[in-house]
Amino acid sequence: MKTKLNSILTFSAIAVFTLALVAFTAPQDEWVVPAKYKSMENEYAGEDEDEIGEDLFNQHCKSCHGKEGYGDGTKAKELETEMHDLTSAKVQGQTDGELYYKAIIGRDEMPNFEKKIRDDEDRWMVINYLRALAK
Amino acid sequence: MKKTFIKLTNTIYNCRLFLIAIVWLIVASPVIAQDEKEEKKSDKPERPAFESAWWFDGQTGVLYQKKTLEFVIQHRFGLMNSGNGDLLGIYGPSNIRLGLGYAPTDKLNVGFGYTKNKKILDFYGKYALLRQTRSNSMPISLTYYVNMGIELLDAKNYLNSTDRYNYFHDLILMRRFGKKFSAQVGTSLTHYNAVKWEQQDDESWKTMENDSWGLSVGARYKITSQLILMAGYDHPLTQHAINQPKPSINIGVEIATSSHAFQVFVTNNNRIQPQENFVFNQNDFSKGDWLIGFNITRLWGF
């Protein structure tokens, strides 16, 4: 009887551990970007006036995404969300509008920056800086 | 009154070169710096010249955006040269102010705070009169700051209840010269309902002036995106018969993050309200009366 109970407990512990492991490594839900943002035009493409994009990135993004955007910031390990390399083809292959939506509107652990970066021009400077990181 | 006016005129006359230089620097340089590229820029307000609305014990010309709530902790340690072995004054007698501020509109900030020394409760308002634009159609920002201090010490310290009140007005001319450099100059008027008076050996009485003018200049230089070098100088212009206040120098760094601004500096001002320093500061920087201070600002956007 005791052996049977031990087997059940061991099996349960393995099951819980496996589930936890799967839960933490499961791929993130697909981040659907509304069509309005997807096709948004970046009228400031290529600009970073006074290096505002770099300043804003360092001020708001660096602590999680890392200085070079590799996803290795000091806070990255505290997050449950998998961090992507911002210089990777997966990120850089997205339109400016898609990056704008993800960087400014955010979701879950990715904060919303609409109130912290209110000027639309400044927001685009951040996107331009993300592009510059890959160069 | 006439005597005060003559004294003030003389002081301004003595500082004429300095004042002309500052005004020239702020007003004339945009014309020099202007290039063709700027003509294409839209006429939006210029980006903030300083990271924070606080400038040592005073203010920058910067206002927070609408619906921003601010919590500020201001701390001044003891004098470094106290001789008490208190680790450069860090364990010496300190002064602290805690404050809350709010921006109901983009052009108006209001708030209040409470300071440990003299138990001063203060209320302030700050209004943007002019904003520098990116196209340079307006080359400067002009900000009006006013506060009212109420000392909450025991009633036995005052002859009249109105003796508790003091007022400070500051007109701040500010310019962002580019990504790295910004400067400002402020002219202030302080009014204390009650000031110090002393009986002299010949039994006559001498008092401080109730109204005091002051001049302050400050500049910042951005070393990196988040590390800023900041320096300021405050000069009391009014000559008092006794207790002439000492000018002050403030030098420090500011570290700005997403929601915080940390300012750490050395200064010879122990007091936190600007009017207190302009009228009562007796710490002389030339005699090594320096102390360490810091301001921590936390912002929330609504």
Side-chain angles (χ1 to χ4, degrees), chain A residues 41-69 71 73-76 78-79 81 83 86 102-130 132-133, chain B residues 33 35 37-52 62-70 102-103 105-107 131-136 175-182 220-228 254-262 297-302:
Chain A
E41 194 194 337
N42 179 358
E43 57 180 301
Y44 304 98
E47 293 179 24
D48 189 2
E49 187 199 322
D50 284 352
E51 295 165 356
I52 291 297
E54 182 182 356
D55 278 359
L56 291 169
F57 180 87
N58 287 334
Q59 201 169 343
H60 300 294
C61 321
K62 189 176 79 174
S63 58
C64 293
H65 291 283
K67 195 180 173 190
E68 309 291 338
T74 50
K75 285 186 188 169
E78 297 168 20
L79 302 173
T81 311
M83 296 295 289
L86 299 178
K102 292 178 179 179
I104 305 300
I105 309 298
R107 70 164 185 180
D108 302 332
E109 287 183 308
M110 177 66 201
N112 179 297
F113 284 101
E114 287 174 292
K115 285 173 185 166
K116 284 190 177 170
I117 309 173
R118 296 197 191 191
D119 187 349
D120 207 43
E121 184 181 342
D122 288 357
R123 295 173 183 175
W124 285 116
M125 295 297 159
V126 176
I127 306 307
N128 294 346
Y129 185 68
L130 296 186
L133 281 174
Chain B
D35 61 27
K37 240 184 175 182
E38 288 177 357
E39 287 170 17
K40 294 175 190 168
K41 289 178 191 169
S42 59
D43 212 16
K44 285 200 279 192
E46 182 55 283
R47 294 184 174 88
F50 296 88
E51 304 303 309
S52 172
V62 169
L63 278 89
Y64 294 124
Q65 298 176 104
K66 186 180 174 181
K67 292 184 179 176
T68 300
L69 178 69
E70 171 212 63
Y102 186 69
T105 74
D106 284 336
K107 286 193 162 187
R131 292 291 91 177
Q132 183 184 347
T133 57
R134 294 185 197 182
S135 66
N136 262 323
R175 176 163 167 82
R176 181 183 189 267
F177 290 88
K179 172 185 161 58
K180 291 186 180 293
F181 185 69
S182 300
R220 71 130 198 217
Y221 185 80
K222 218 166 180 173
I223 299 167
T224 68
S225 293
Q226 290 177 279
L227 183 65
I228 293 119
E254 183 173 49
I255 298 154
T257 70
S258 190
S259 303
H260 294 84
F262 302 91
T297 314
R298 172 73 166 96
L299 301 177
W300 292 271
F302 292 100

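Chain identifiers are assigned alphabetically (A, B, ...) following the order of the sequence lines, protein sequences preceding nucleic acid strands; residue numbering begins at 1 within each chain.
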Chain B: which of Lys116(A), Arg118(A), Glu54(A), Glu51(A) shares the most heavy-atom pairs with it under 4.5 Å?
-> Arg118(A)

Contact part of Leu56(A) toward chain B, heavy-atom cut-off under 4.5 Å: side chain, backbone, both or neither?
-> neither

Measure distances from Phe113(A) to the heavy atoms of chain B and classify the residue's part below 4.5 Å as side chain, backbone, both or neither.
-> side chain

Would you call Arg134(B)-Asp119(A) a salt bridge at under 4.0 Å N-O?
-> yes

Is the backbone of Tyr44(A) close enough, under 3.5 Å, to the side chain of Asn128(A) for a donor and an acceptor to pair up by distance?
-> yes

For Lys222(B), side chain to side chain contact (heavy atoms under 4.5 Å, CB included) partners two or more places apart = Asp55(A), Glu51(B), Lys180(B), Arg220(B), Ile228(B)

Under the side chain to side chain contact (heavy atoms under 4.5 Å, CB included) rule, collect the residues that match up with Glu68(A), sequence neighbours excluded.
-> Tyr70(A)

